[in-house]
Amino acid sequence: MEIKLQSLTKVFVAKDKKETVAVNNMDITIPSGKLIGLLGPSGCGKSTTLYMIAGLLEPTAGKIYFGDEDVTNTPPELRGIGLVFQNYALYPHMTVAQNIMFPLENIKVPKAEALERAQEMADLVGIGELMNRKPKELSGGQQQRVAIARALVKKPRVLLLDEPLSNLDARLRLQTREEIKRIQRETGITTIFVTHDQEEAMSISDEIVLMEAGIKQQVGVPQDVYDQPDNLFVAKFLGTPPINTFAGKLEAGKIMLAGHNIGKVESKTNQEVLIGIRPEGFNVVEKSKLSLPIYMVETIGRDTALIIKDPNDEAKTFRAIVDSSHRIKPGDTVNFAIKPDKLYVFNKDTGELVK
Amino acid sequence: MIESKNNLKAWLYLAPALILLGLFTFYPLFNAFFLAFVKDFNSITRSTHGMDGYAFVLFDNFSRVFKSPDFGQAVKNTAVIMLVSVPASIITALVISVALNSIKRFQGFLQTVFFLPYVTNSIAIGMTFAFIFHSDYGLVNMFLGWFGVNPITWVGPGASWEAGMTALLIYTVWGGLAFKILVFLSGLQSIDKQYYDAAKIDATPRGRVFSKITVPLLSPMIAYITITSFIGAAKAYSTIIGMFGASLGPEGNANAFITFVGLIYDALEKGTIGAYSVAASAAIVLFLFTFMFTLINMWVSKKRVHY
Ligand SMILES: Nc1ncnc2c1ncn2[C@@H]1O[C@H](COP(=O)(O)OP(=O)(O)OP(=O)(O)O)[C@@H](O)[C@H]1O
Ligand SMILES: [Mg+2]
């Protein structure tokens, strides 16, 4: 089921008439059968977008299509969606089996069939043995799977997940996100996965939608978005450690950082810009014009993180990640060349990528 | 470990409450158990009649309770009040609370309206109700008159037991609503809204939302209200005074609405030799009865209540 959001907008009006634009003119098309990561910092409107798709919140403006069907005014129960809430919202007084069967009983599926389908779904998510437990007798990861099973059991057209992993510890989180990916592949159901964890979104999603302050920033395959960010926000939001930024200049197509030419652009206009270099974009070379003093060295297995004084400002440092085969000590001065595909130039005022 | 020198301070702070509790709760409690087994207690000499000290009996005072002419009527009235008014008021309160919780406008105002009876004197309310049920100019008869029903004598002279009990039950149910609504509303407001969102997405019919989600999640409150209401109903007395006056019945039919507590006060008022012991015995019987009822309640709720 392809999902299309058309100029979707949500404005919350508080009691004192103050308006919050939670979602601002969103246009997205979500391809059928894919897992989409809806990514952005806290408060950017991810949950609001998800709840509008679910039908729990009414859009202020814009339209929502499931396939060719306009569902903007369809009540949630008729949209055919499964929703997994951030804290799962499992009914605490019901057993796992009763929780999973609940949506089926609502539509009067015969008891035997409901039980069979619930068991099937529980097996799929790997909690088939826990059917008689109450939610509070389950671990966070198990609860999350029950919530997924409950959302999937009525065979929805769309599965929506609101930060389903945020309550789990780091290890369980890794394990469960693989699980979600597997379940999504096996069922082939169009899935939207909300998260503010960029690494989570990058690893699990077929495509990511990045938003900030209610506005869509970029949509695409995670690696493409990482490699070709449309603007400074996107570049900064994706990647750990984050991208390094420096004030710099464009001079006749040359990218100038602290007086050194570190690359080139097509645009011939001279202007002041922000230069972005990914931490992995530094090559250690024999000779170059960009030689910088090393402040600190952290070796973490395969990689070495170099903490380097900012060439524009002695008081600041930035981080480069290089192969640990280079034996570098604090205090050394190292020559760097910048990998062109890890180097970005952004408009100083708008943050847009300069081509 | 708490340092022992602080103990003295602690006791000092507790003293006012302990002294009052001792004087007005613990002493009367033990005294009642004591009196129930004293033979021919004379309330003036405070000893067994014709003796300097006490003589004791085992069951005599209790059997006088059971043999009292109003005993059967008191048991019947108390039982009817308990078994009808408690379920009726709990269900009514639940429905009103859920309705109140789901409306947005006037919610605060309506909450106040429903809470008013709680802070109003029950005798005053009883008198108002006696007026509402007045056979000549009461609102109830006026209302029934619109449907061509002949005036019914609810509480006045010559009122039948059925009519009087109906009026009394309506009054009791209404009077108990305020506190129940207060408790249920606060319970409802503490239920996570996401359960209802989840139910909505899963196309849960309204009735099922109520019976499968709201009631179970409210069950600790319902259990608490059930137990306290049964105990309260078992002790019904001031409602009857409010409605029928000290005669506990319509004119010419005194004690028609006597309850178990009425029995206790009756014995106390007589003040004859041994009457206090009868009152104490009746109180113990009532205590044992409510105790048993509460145990049953707790046993049932253990199976049904989700905490
Ligand atoms: N019911 C509401 N009334 C008023 N403002 C709201 C309401 N719900 C959300 N908002 C505001 O809308 C904006 C977006 O909220 P939303 O919950 O969609 O953020 P989010 O991206 O899901 O954040 P998080 O990652 O913290 O969950 C926030 O500024 C929030 O304060
Ligand atoms: Mg959110």
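The chains referred to below are lettered A, B, ... by the order of the sequence lines, with proteins before strands, and numbering in each begins at 1. All figures in this text were calculated on a predicted structure; none of them were measured in a lab.
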Applying side chain to side chain contact (heavy atoms under 4.5 Å, CB included), run through A:L83 and B:D197 and close with a yes or a no. CA-CA 9 Å; A:L83 177 57; B:D197 281 343; 6.0 Å; no

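By the neighbour-count criterion of 12 heavy atoms within 6.0 Å, atom CZ of B:F115 is densely surrounded, having more than that number from other residues, nucleotides or ligands. Taking a 6.0 Å sphere around NZ of A:K10, one finds it holds more than 12 heavy atoms contributed by other residues, nucleotides or ligands. Counting non-hydrogen atoms of other residues, nucleotides and ligands closer than 6.0 Å to CD of A:E58 gives a total of 12 or fewer. Atom CZ of A:R182 has more than 12 neighbouring heavy atoms from other residues, nucleotides or ligands inside a 6.0 Å radius. No more than 12 heavy-atom neighbours from other residues, nucleotides or ligands sit within 6.0 angstrom of CD on A:E129.
Taking both residues in full, the closest heavy atoms of B:I201 and A:A54 are given as CD1-CB, 4.1 Å, listed atom of the first, atom of the second, then distance.
In this structure, chain B has heavy atoms under 4.5 Å from both the backbone and the side chain of A:F102. Looking at A:L56, the atoms closer than 4.5 Å to chain B (heavy atoms on both sides) all sit in the side chain, from C-beta outward.
Top candidate by heavy-atom pairs under 4.5 Å with chain B, chosen from A:V84, A:L104, A:I107, A:L90, is A:L90. Among the candidates B:D202, B:D192, B:L217, the residue making the largest number of heavy-atom pairs closer than 4.5 Å to chain A is B:D202.
For residues 68-80 of chain A, a heavy-atom distance under 4.5 Å to chain B picks out A:P76, A:E77, given by residue number.
Residues that satisfy the salt bridge (Lys or Arg N to Asp or Glu O under 4.0 Å) test with A:K34, not counting sequence neighbours, are absent from this structure.
Remark: A:E105 engages B:R208 in a salt bridge, criterion side-chain N to carboxylate O under 4.0 Å.
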